[in-house]
Every structure is written in C-alpha cells, then in structure tokens.
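Please read the structure below before turning to the comments.
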Amino acid sequence: MAAKNLQSIRGIHDGLVTEVRLWQRVEAAARKTFGRYAFSEVRLPILEPSELFVRSIGEATDIVSKEMYAFTDQGGDHICLRPEGTAGATRAYLQAGLTRSGTQRWFYIGPMFRRERPQKGRLRQFQQIGVEMFGAQGPLEDAEILAMAHAFLSELNISGLQLEINSLGCAACRPAYHDALMGYLHARTDHLCATCNDRMNTNPMRILDCKNTQCQTQLDDVPEMVKHLCNDCEQHFSGLKSGLQALDVPYQINARIVRGLDYYNRTAFEIVTDQLGAQGTVLAGGRYDGLVSQLGGPPTAAIGFAAGLERLGMLLAEQDASHADTGLVEIAVVAIGESVLQYSMQRAAQLRNDGFNVVHCGGGNAKRQFKTADREGARFVVIIGEDEMRQGCVSLKTMATGKQQQVSNKDLNAAINLEQ
RNA sequence: GUGGACGUAGCUCAAUUGGUAGAGCCCCGGCUUGUGAUGCCGGUGGUCGCGGGUUCGAAUCCCGUCGUCCACCCCA
C-alpha cells in the first residue's frame, strides 16, 4: 500500500489500462450501433445547477435528497455534480431552442456522481452511456430504440441478458390504478415489511419490486398497471410489442418494473443480468413525455435509456478474459551496440510511420532487451546491429515460433505481413 | 444511512494458546557482454491499513478510524 494519505475518494476508482480497454470496446460498440440509428453524440456539462435535478428528478428522491454532490461555489451559486444524464440533456435541448427543430437523437458517454454506499457494480463516480430522443411519440420509436439497445448489447456479445418491458400508463389512467393498488395494499399492511409500509405513503408502486420475499408472497394477485391502461396507453403498449416482434427483439413483460419519478410514463424497460449480484440492471430507461414541459418547455414526447459502462465492462471481463489482453505492441526494436543506437531509433520511427505499434527496447544488454520484448508481448523483434546497419537490413524474429531471418529494409513490411 | 466479512512484501496468501514476520509469483543481477518465454544461483523489498488501549511483550486481544467486498436501501 503505497501512498497512505493520498488515496482516491471512496467509491471513486481509477480506470487503469485493463478497464479502459474494456470500456473502449463498449464505447466503440455504442458509437457504431447508435450511428446506424442516426443518433449523434453530444457532450454535456458535468457540473449543473442543483436546481435542475430538484425540478426534474424531484426533491423527495434518494438521488436528490441524499446522494447528490451539491455545494455552493465561490460565487454563491448552488451547483452539483450531475447524478444522471437525462435532466441535463433536456436542459440543453431547451437551452439550444431545439423544440421546433424536429426529432433530436442524442447519445452521450460520461461520468455521473452519486454518494451511495459502494458495492459491486455501484460506484460513487460511474460512467453511463445515455441515449435520449426528443420529439418522438409513437410506439414505433419505442420499439426502434429498444431494438437499438438490443443491437448494441448484441454487438458486445454479452449473453444471459434479458429485456423486460412494462407500461406505466399516463396521467389519465394512473390515478384509477393508484386507487386500486392502494385498496389492495391497505388490506395487507400487516404482512408487508416496514420499508413497504413507508412506501405506501411515498411511492406505492415501488412496493411491487420489493425484494423481501415475504412481501412478494403478498403480491401474487396485486393489480398491475398493464391491466389498467387507458385506450391510448393500451394502443401504445401493443404497438410497442408488435414492433418488437416484427424486429425479432426478444422481450418479456414484467409488470413489476416501476419508476420513482413522476415524469415517466408509458414505456419502461430494463435489461438485466444475473451475473452482477444485486446490481443486475445493465441498461434501463423509458418514456418521459412530461419532462420537457416540467422544465419549462412545450409538451414534448421523449424517450431514452442509460447503460452502466462499468457494469458492461465487468460482464465483458467475466465472459471473455482472453479478449482483454491482445498485444498492443507489434514490434520491439533491439539495438546491439552503442554505435547503432541512433540508427535503430530512426528505424523504429520509420516502422511507426508505416503503421506498426513499436517499442524500442532501449539498447544495451541484448538479453535484457529480448526479455523486455517478450514482456511487452511483441509479436516481432527487429534486431539491428552493426552488420545490419551496414547492409541496410534487419534481423526479423517472430517471437511465437522463434524463427529468425535477415530482411532488407525495403522488404521488411512485406516480410512482417507475410508472417502475421 | 443500516447490517456482515475482510485489510500482512508490487501481486496472491501463510504465521499453532499474544513472544517485534514467511512462501510463491513479480522485479533486479549472475550462469551466456547478438537473443526471450523453460533451468540453476543470488539479491531488493514489510512502521503487519492508520490511531489509541490492554500487556513485560500485539500482525494476533479491545476501541476508534479509513478503505475494500457483500447484503439491505437505491439504482446504471
């Protein structure tokens, strides 16, 4: 344990080489897939006014009431590290005056901050890949955005994932459902856990996904939102389902998916895994038709989702560890003798210009240099001594086979490509 | 925020009933000063997370603290 009093903040981890390689694979898959669906990347602020999240997510939520890194800056402004991306994206959409510019299809990749108790797959600073689509209201868009999420994860080849969908209804049908739910729950308060009894007052729908098995046994025939949808919501939901079927996206209806926030309506979905312990949600989202107007804009339909970059990286690491460490270094240059040092550096530079990833082993003791080459995982060693320099050639060694040959400088690239 | 487990060399771990720490791997050097991954020999490296306390004596017991992990909670 090196630096004792100089550690990263609890729950805030360094992304070292291994993790970053994993993340970059996830990011590459996202950029590729989202591009196919004509989504464009945006880069949004990490610092936002605290007020933004109070007004969007809501003061009563855990995220805002106890998990936000919020502070007053030197000028007296109340600002915070963003705990999620949707609110900022909506703010930016409004600020840029895009409400009459047609459908906006955005995605972003970046860090979010929540002061939670750290756990596997749960960090205080974590990265999300977020997608937001503004100005699209039909079930076709819902189906397509889910197909996009599915394609994105398929691109990564992660198995064991499950798409679950639900409908949360809308302002028209939710009150009646709420009454039905409360009636059902009130009859069983004695059998529900303490947390659930609290939730009766704050957010009764949350009781549906309580993990307490005792509570779950009480909920066998609990009223479900999907069975209380109004006509419009019903049509929307069946449009989504038939869209997913048409696109061959496997899904499952899970009436227990809920959202804590008021602005969510209709489609809600999660993609879950059983491989990350309690933090099984790898991607989640839904429709939030109410948010734009809640933040002062015109009524605007919107839908989006966010995926946890670290969680996806962990799944990749568990599934194919072999993939993680494919050699970065293609060629190691070994210089034998002081007199060829500078020349060997020039040859290394030339190989880099030719498009190879090259390390120079530093000259000196030949054995040491070969050891370095091996440790770096170089596939080839280009050996340069006085003879080679004089003759305008190098000795090319293929590390895996041990085969070594003399190749003239002009034939080197061809020889390497032959050996690959 | 609540509950539980853990914290010993760079890494993975060991140290019988409390007697001031060991191994493997890694790293460095040598056996071969134009050749690696296998072999042999040698070497560097630890205020036992940190701070108190009990004791003649603590890595080992107690308290606190920080951190990691797990579950609750919450969520990506």
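Between rC6(B) and rC13(B), the distance separating the two C1' atoms is 14 Å to the nearest Å. Rounded to whole Å, the separation between the P atoms of rU8(B) and rA59(B) comes to 15 Å. When the P atom is used for both rG51(B) and rG36(B), the distance is 46 Å, rounded to whole Å. To the nearest whole angstrom, the two P atoms, one in rC28(B) and one in rC72(B), are 45 Å apart. Comparing rG30(B) with rG18(B), their C1' atoms are spaced 43 Å from each other, to the whole Å. Remark: the separation of the C1' atoms in rC48(B) and rG22(B) is 12 Å, to the nearest Å. Rounded to the nearest Å, the gap between the C1' atom of rG19(B) and that of rA9(B) is 22 Å. A gap of 13 Å separates the P atoms of rA21(B) and rG46(B), to the nearest Å.
A salt bridge links E270(A) with R259(A); the closest basic N to acidic carboxylate O contact falls under 4.0 Å. Look at E388(A) and R390(A) and you find no salt bridge, because none of the NZ, NE, NH1 or NH2 atoms lies under 4.0 Å from a carboxylate O. Residues D374(A) and K371(A) are not paired through a salt bridge, judged by the lack of any N-O separation under 4.0 Å between the basic side chain and the carboxylate. Under a 4.0 Å N-O distance rule, the pair E330(A)/R379(A) qualifies as a salt bridge.
Heavy atoms of G121(A) sit under 4.0 angstrom from at least one base atom. Within 4.0 Å of G11(A), counting heavy atoms only, lie sugar-phosphate atoms of the nucleic acid but no base atom. At a threshold of 4.0 angstrom between heavy atoms, the contacts of A373(A) with the nucleic acid are absent. I12(A) comes within contact range of no nucleotide atom at all, as no heavy-atom separation falls under 4.0 Å.
Around CZ of R368(A), the count of heavy atoms belonging to other residues, nucleotides or ligands within 6.0 Å does not exceed 12. Applying the 6.0 Å contact sphere to CD of Q405(A) captures more than 12 heavy atoms from other residues, nucleotides or ligands. Shown here is E19(A), whose CD atom has more than 12 heavy atoms of other residues, nucleotides or ligands within 6.0 Å.
Base pairing annotation: rG24(B) forms a Watson-Crick or G-U wobble pair with rC11(B), both donor-acceptor distances under 3.5 Å. Pairing for rG67(B) goes to rC6(B), judged as Watson-Crick or G-U wobble with the two contacts each under 3.5 Å. When both pairing distances are held under 3.5 Å, rC72(B) makes a Watson-Crick or G-U pair with rG1(B).
Checking rA76(B), rC74(B), rU68(B) against every side-chain atom of A306(A), the shortest atom distance belongs to rA76(B). Counting only heavy atoms from C-beta on, R206(A) has its side chain closest to rC74(B) among rC73(B), rU2(B), rC74(B).
One can place CD1 of I63(A) at 7 Å from C1' of rC75(B), the figure rounded to the nearest angstrom. Here rA76(B) presents its P atom at 8 Å from CD of E270(A), a figure rounded to the nearest Å. Put simply, CE on M68(A) is 16 Å from C1' on rC75(B), counting in whole angstrom units. Between the P atom of rC70(B) and the CG atom of L123(A) lies a distance of 10 Å, rounded to the nearest Å. We find that CD of E164(A) is positioned 15 Å from P of rA76(B), with the value rounded to whole Å. R124(A) has its CZ atom 17 Å from the P atom of rC75(B), to the nearest Å. Look at CG on L312(A): it is 13 Å from P on rA76(B), rounded to the nearest Å. Distance E116(A) CD to rC72(B) P: 13 Å, rounded to the nearest Å.
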**OP:** Starting at the 5' end of nucleotides 33-39 of chain B, put B wherever the base has a protein heavy atom under 4.0 Å, S where only the sugar-phosphate does, and a dash everywhere else.
**Re:** -BBBS--
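Taking H228(A) as the reference, Y177(A) meet the ring pair (Phe, Tyr, Trp, His ring centres under 6.0 Å) condition, with sequence neighbours excluded. Residues satisfying the salt bridge (charged side-chain N to carboxylate O under 4.0 Å, His left out) criterion with E84(A), sequence neighbours excluded, are absent altogether.
The phosphate of rG1(B) (OP1 or OP2) has no side-chain N or O of R114(A) nearer than 4.0 angstrom. Phosphate proximity of rG29(B) to R368(A): present, with a side-chain N or O under 4.0 Å from OP1 or OP2. For rC69(B), neither phosphate oxygen OP1 nor OP2 lies less than 4.0 angstrom from any side-chain nitrogen or oxygen of K120(A).
The side chain to side chain donor-acceptor pair (under 3.5 Å) test with E132(A) singles out one residue from W106(A), Y93(A), Y108(A), and that residue is Y108(A).
The base of rU68(B) is not paired with the side chain of R10(A) by any donor and acceptor separated by under 3.5 Å. A donor N or O paired with an acceptor N or O is found under 3.5 Å between the base of rC74(B) and the side-chain atoms of R122(A). At a cut-off of 3.5 angstrom, counting only N and O atoms as typed in the model, there is no donor on one side facing an acceptor on the other between the side-chain of R259(A) and the base of rC75(B).
The residue among M314(A) and L283(A) whose nearest nucleotide of RNA chain B is located toward the 5' end is M314(A). Along RNA chain B, the nucleotide closest to E310(A) and the one closest to H13(A) are compared, and the more 5′ of them pairs with H13(A).
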